Protein chains: 2
Amino acid sequence: MPTNRRRVTLKDVAARAGVSPMTASYAFTRPARVAADTRDRVHRAASELGYRPDAVGRALKSGRTHQIGVVFSEHLAYAFDDPQAAQFLAGVAEVCVEEGQGLTFIPTRGDAADAGRVLSAAVDGFVLWTTAQDDPVLAAVAGDPRPAVIQGGPPRQGIVCVTQDDYRAALAVASQGLREGRTPVVISFPLDRDRERMVTIGAELPSHAPFPVTDARLRGYRAAIEQAGLSWRSTPIAVVARNTQRDGVEAARDLAPQLTPDALIIAMSDELALGARQALLETHPEAAYLGWDASPAGRQLGITSVTNPLRDQGRRCARAALDPGRPGDQEIPWSIVSGGGACT
Amino acid sequence: MPTNRRRVTLKDVAARAGVSPMTASYAFTRPARVAADTRDRVHRAASELGYRPDAVGRALKSGRTHQIGVVFSEHLAYAFDDPQAAQFLAGVAEVCVEEGQGLTFIPTRGDAADAGRVLSAAVDGFVLWTTAQDDPVLAAVAGDPRPAVIQGGPPRQGIVCVTQDDYRAALAVASQGLREGRTPVVISFPLDRDRERMVTIGAELPSHAPFPVTDARLRGYRAAIEQAGLSWRSTPIAVVARNTQRDGVEAARDLAPQLTPDALIIAMSDELALGARQALLETHPEAAYLGWDASPAGRQLGITSVTNPLRDQGRRCARAALDPGRPGDQEIPWSIVSGGGACT
DNA sequence: CTGTTAGCGCTTTCAA
DNA sequence: TTGAAAGCGCTAACAG
């Protein structure tokens, strides 16, 4: 039983090196402030003892945890099922590694205690993933002095926003798809936090969806459809629970009874479009598909899509969350890609 | 400027409620220990002041951070590019939510400072993703008193292991694939931590790969090939850098010159097999594919695969990391799935 | 049921 | 260049 189970503390190191705890501390945090031989003695003592600085003690005194807190305002595990969320996280993670910061996921479960959990987290700043207007976590974070950044909105005083102009992009991509005179149907992200799968029509839709991204895209699709002289009110709309191919398959099955052979499937993601395509390949070989995110798989299968560089947005969010200067909102440019070419 | 920027502390709450800090503390942590009206007074004072318990102060005193640390012993951002890793993380996250624990990613970049970063992290236990035998992080974590669990090995004193019997599974799946008399080639995960893409043959392979999963699967494939009366030494082997479809495409292109029309592509994941299939669909329509992980997409395209429930493994790892009792190693059962049916 | 004491591990401030 | 004092926010252990 060689190892001593008690934590090795800075005081132990100082004692062994024959210096005060302060000198030992400086030997690690400000090596230049300490005489070379003293510093070496401290370092030697530390490695002999197996000393590691304790992040908690350090954080308490210094007030900085060197952690970025990431919040997905719904069940945390969903974050890993959505490939777009994964891309976003990869971007956040890249910056964390570059800046020597840790990455803490703040667990949320959609209940009333979420706001408290978020505010109590031992992090220096917050990165939030798109959420609903009325999400209480938003209000909580907005009132916290730590920097906070949100991808996809909603915009809010006290929270920096990194977004695309989803309305214009949706209008543009749908308009392009409708040029061929096809009959549109829409596959939409959830309309509320219940995430209930359903089929409806434009006329039945609430005037505003609480998720700003979903809301803006729906408005864009609507404008495109009406500008094409078609009826939004009677356009079939499938609402999915999550952004997965599986949900795209289900949505397509739900829509199938109302589908014309020349249907234009307007989906809010390539993921959903790919699922729909797979479900309809045999029954509706002439259908066309619009997606979002410009995934390689989507491009390969001829899905027209909107670029949405989420990895880059993850990077921007992380950088902003690290910057106590509260930089301004950022709008990410987009373009439409179809079958290999890009325009606008 | 209404809000006071100074942090609201428990002492402030106590003062306002006219009680001692200890009573205020108990009002939050052990409500039952405090008289109902006192408790209410404290809670009211807290919400009026906007008080939130500080996780750092709490952790320092109690010695528990309520955080699980997840370590991917290479550049952190890679974790989000590998769909299998994402599944694993989803499992870990589920348990964190259930148990009210936080999830901290410990940033690593594959350099010498990783071990220190890991040990200094403010977490109560560690979950590691498969790594190499000689990874210094392993030794560091094994010597730490906090519980540690690793998915995929290597096994090590002081670290709980959650694994499959990759050797037997690889032997079984390759044997089944070789029944039809096809000529095998292998697409392998990296052989070392450099992750260099290359093509080689069995004869050139080092006798042991430092990644235990890769090593066991290669040995299984080899046994199957030799049992089928074929030459392992001359079997072409493509080594990829990462587990993505894209890498599968590249591997297939690298192997193409050596491919017979009846080739059996033995890949270490469905992801790689799907990439290879896509690359070879036109030039080698008769090829057959073996994968791993039993993904829905793989099954749909007729890839024979091994089940590898990583979400479940993530759950098991998280539970074990939370349990200071250091439960024993766990072996996950597997089965082979092909074209929709499952056997053994 | 409530309060006092003490101190977790570290570092800021100031003095030597 | 080094050290002493003080305390970050909280809670275990014990008294009252």
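The chains referred to below are lettered A, B, ... by the order of the sequence lines, with proteins before strands, and numbering in each begins at 1. All values reported here derive from a predicted model rather than from experimental measurement.
- Spacing between atom NZ of A:Lys11 and atom C1' of C:dC8 amounts to 10 Å, rounded to whole angstrom units.
- Every residue two or more places apart in sequence or in another chain that forms a ring pair (Phe, Tyr, Trp, His ring centres under 6.0 Å) with A:Tyr51 is listed here: A:Phe28.
- Contact annotation: the side chain of A:Thr131 approaches that of A:Pro154 to within less than 4.5 Å [non-hydrogen atoms, C-beta and beyond].
- The nearest whole Å value for the distance from the CG atom in A:Leu60 to the P atom in C:dC8 is 13 Å.
- Taking B:Asp312 as the reference, B:Arg316 meet the side chain to side chain donor-acceptor pair (under 3.5 Å) condition, with sequence neighbours excluded.
- Heavy atoms of B:Val56 sit nowhere under 4.0 angstrom from any nucleic acid atom.
- DNA chain D lies under 4.0 Å from at least one heavy atom of each of the following residues of residues 34-41 of chain A: A:Val34, A:Ala35, A:Thr38.
- For B:Thr23, no side-chain nitrogen or oxygen approaches OP1 or OP2 of C:dT2 to under 4.0 Å.
- Considering only residues two or more places apart in sequence or on other chains, A:Thr65 meets the side chain to side chain donor-acceptor pair (under 3.5 Å) condition with A:Asp124.
- Each end of the helix from C:dC1-D:dG16 to C:dA16-D:dT1 gets its own rotation axis from five pairs of C1' atoms, and the angle between them is 30° to the nearest 10 degrees.
- A:Phe105 has its ring centre less than 6.0 Å from the ring centre of A:Phe80.
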Check: residues 55-62 of chain A side-chain donor-acceptor pairs under 3.5 Å, at least two apart:
residue : atom : partner : partner atom : Å
A:Ser62 : OG   : A:Arg58 : O            : 2.7
A:Ser62 : OG   : A:Arg64 : N            : 3.3
A:Ser62 : OG   : A:Arg64 : O            : 3.4

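- In this structure, the side chain to side chain donor-acceptor pair (under 3.5 Å) partners of A:Ser20, at least two apart in sequence or on a different chain, are A:Thr23.
- Under the side chain to side chain donor-acceptor pair (under 3.5 Å) criterion, B:Arg195 pairs with B:Glu74, sequence neighbours left out.
- Applying the salt bridge (Lys or Arg N to Asp or Glu O under 4.0 Å) test to every pair with at least one member in residues 149-163 of chain B, sequence neighbours left out, gives no pairs at all.
- Nearest-nucleotide assignment on DNA chain C puts the 5′-proximal partner with B:Val19, out of B:Val19 and A:Asp54.
- Residue pairs meeting the salt bridge (Lys or Arg N to Asp or Glu O under 4.0 Å) criterion with at least one member in residues 92-118 of chain B, sequence neighbours excluded, are B:Glu94-B:Arg311, B:Glu94-B:Arg315, B:Glu98-B:Arg315, B:Glu98-B:Arg319, B:Glu99-B:Arg319, B:Arg109-B:Asp111, B:Asp111-B:Arg117, B:Asp114-B:Arg117.
- Within the structure, salt bridge (Lys or Arg N to Asp or Glu O under 4.0 Å) pairs that include any residue of residues 13-25 of chain A comprise A:Arg16-A:Glu48 (at least two apart or interchain).
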Which nucleotides of nucleotides 11-16 of chain D have their base under 4.0 Å from a protein heavy atom (B), which only their sugar-phosphate (S), and which neither (-), written as one string 5' to 3'? BBB---
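- In this structure, the CG atom of A:Leu49 is 14 Å from the P atom of C:dG9, given to the nearest Å.
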